[in-house]
Amino acid sequence: MSAPEAVELEVFRYRPERSDEPEMERYEIPFRPDWTVLDGLNHVKEELDGTLSYRWSCRMGVCGSCGLEVDGEPVLSCAAYLEDHLPGPIRVGPLRGFPVIRDLVGDISDFVAKLERVKPWIIGEGEGAGAGRGGGAAPDGAPDGAPDPGEPHRQTPAELAEYDQYSHCINCLLCYAACPIHELAPGFLGPAAIALAQRYNLDSRDRGAEDRRVVLAARDGVWPCTFVGECSSVCPKGVDPAGAIQRYKVTAARQWFSALVSGGER
Amino acid sequence: MIRGREPLAWGLFAAGGTVAAFLLPAVAFVVLIALPLGWTGEGARGALGAWADGAGHLLGRLALTVVLPLLFFHAAHRIRYTLYDGLQLHHLERLIAAATYGLATVMSGVALVVVWFLGPGGGG
Ligand code: SF4
């Protein structure tokens with residue numbers, strides 16, 4: 001197929017001051033084989049219609065802000081080439097499951113609040129809820145025995161490998177858009193928040209597993225997940241949130257049963 | 001109780017799924033292939049008789065005591081989530097949980113009565 005001169009973008013528009021209803025608007029843009037959908041949107045914004053709103057920043061798959069649905073698939077628009085969506089019109093919409101503020105801009109405050117709840121940072125010795133209780137339960141065999149404060153936090157390559165993949169998450173939220181449960185059970189903590197919780201739970205320097213357990217093992221934590229697995233298929237950074245969730249289910253169930261046997265707090 | 005019974009429900013689901021994954025291929029092979037094709041040597045009655053002997057043996061009965069409830073609770077969990085998400089019945093959460101796990105409990109009870117008192121080698 002010879003390359004076309006132009007291609008049409010069919011873009012989701014929502015302008016609450018004009019209408020309560022969203023509408024689709026078509027723009028004809030030049031076709032270039034090296035253009036991504038984001039380049040196309042930038043062309044629209046600069047040349048055709050300055051009122052179009054969307055998020056973007058780095059243009060190289062690092063910032064995580066340009067996630068959109070292109071022909072119904074959640075993708076980073078900076079990594080989706082026009083060429084792969086010919087002949088068009090190429091449908092461009094906001095990520096599913098997030099209330100639309102304007103055009104392609106979704107409201108992600110619900111996700112940010114969920115992310116904060118799992119405390120996505122290293123909780124050191126003596127800092128978490130588990131402090132004074134044997135340093136908190138180290139899950140999944142994360143080694144105990146943190147270094148003294150002031151000592152360097154040494155980590156072996158094997159310890160790094162435990163959590164490395166989860167640290168690649170860029171909070172692009174494609175996994176939330178792909179997850180059917182996120183829409184069906186709005187309280188669900190969701191793929192990235194759980195993967196990021198595991199990113200710290202599995203870090204040998206962290207002692208926050210007990211703090212996070214209250215959130216992860218709660219009714220709306222890992223349990224609504226029915227292992228659809230779409231989150232892991234759409235992730236542009238090779239993170240496996242579905243695996244993180246299943247792994248944490250095993251951890252939580254094991255802790256529940258051992259508490260049952262030992263008569264401890266479930 | 002923050003964490004509720006969800007870990008228990010999921011634990012039984014996971015264990016039941018694992019058991020089913022191991023047993024189903026063998027059961028399907030015997031029932032759907034080996035029996036109809038007469039590979040079981042003595043014919044269908046002989047093979048079924050051998051199964052019945054196994055189920056009547058003390059070890060067989062102990063195994064069934066573990067396996068059958070796990071399978072029922074596995075199914076209950078799956079049906080529960082299918083109703084929640086598939087049919088969008090979140091508002092009936094308590095009723096669905098009571099019905100699915102309740103049914104699994106009743107079926108487990110019935111199965112154990114059959115295994116221990118009514119089945120081959122049972123007291124009845
Ligand atoms: S897990 Fe992957 S898809 Fe989900 S937010 Fe992180 S990078 Fe994006």
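Every chain is numbered from 1 and lettered A, B, ... according to where its sequence line falls, protein lines coming before strand lines. The figures here come from the full heavy-atom set of this structure, side chains too, leaving out hydrogens, waters and symmetry mates.
- Rounded to the nearest 0.5 angstrom, B:Phe13 CZ and A:Thr226 OG1 are separated by 8.5 Å.
- For A:Ala253 against B:Gly11, the heavy-atom pair with the smallest separation is CB-CA, 4.5 Å.
- For A:Ile181, the part sitting under 4.5 Å from any heavy atom of chain B is the side chain, from C-beta outward, and nothing else.
- Annotation for B:Arg78: atom CZ does not count as buried by contact number, only 12 or fewer foreign heavy atoms lying within 6.0 Å.
- Minimum interatomic distance between A:Phe257 and B:Pro7 (heavy atoms only, all atoms of both residues): CE1-O, 4.0 Å.
- Listed here is the closest heavy atom pair of A:Trp223 and B:Glu6: CG-CG, 3.0 Å.
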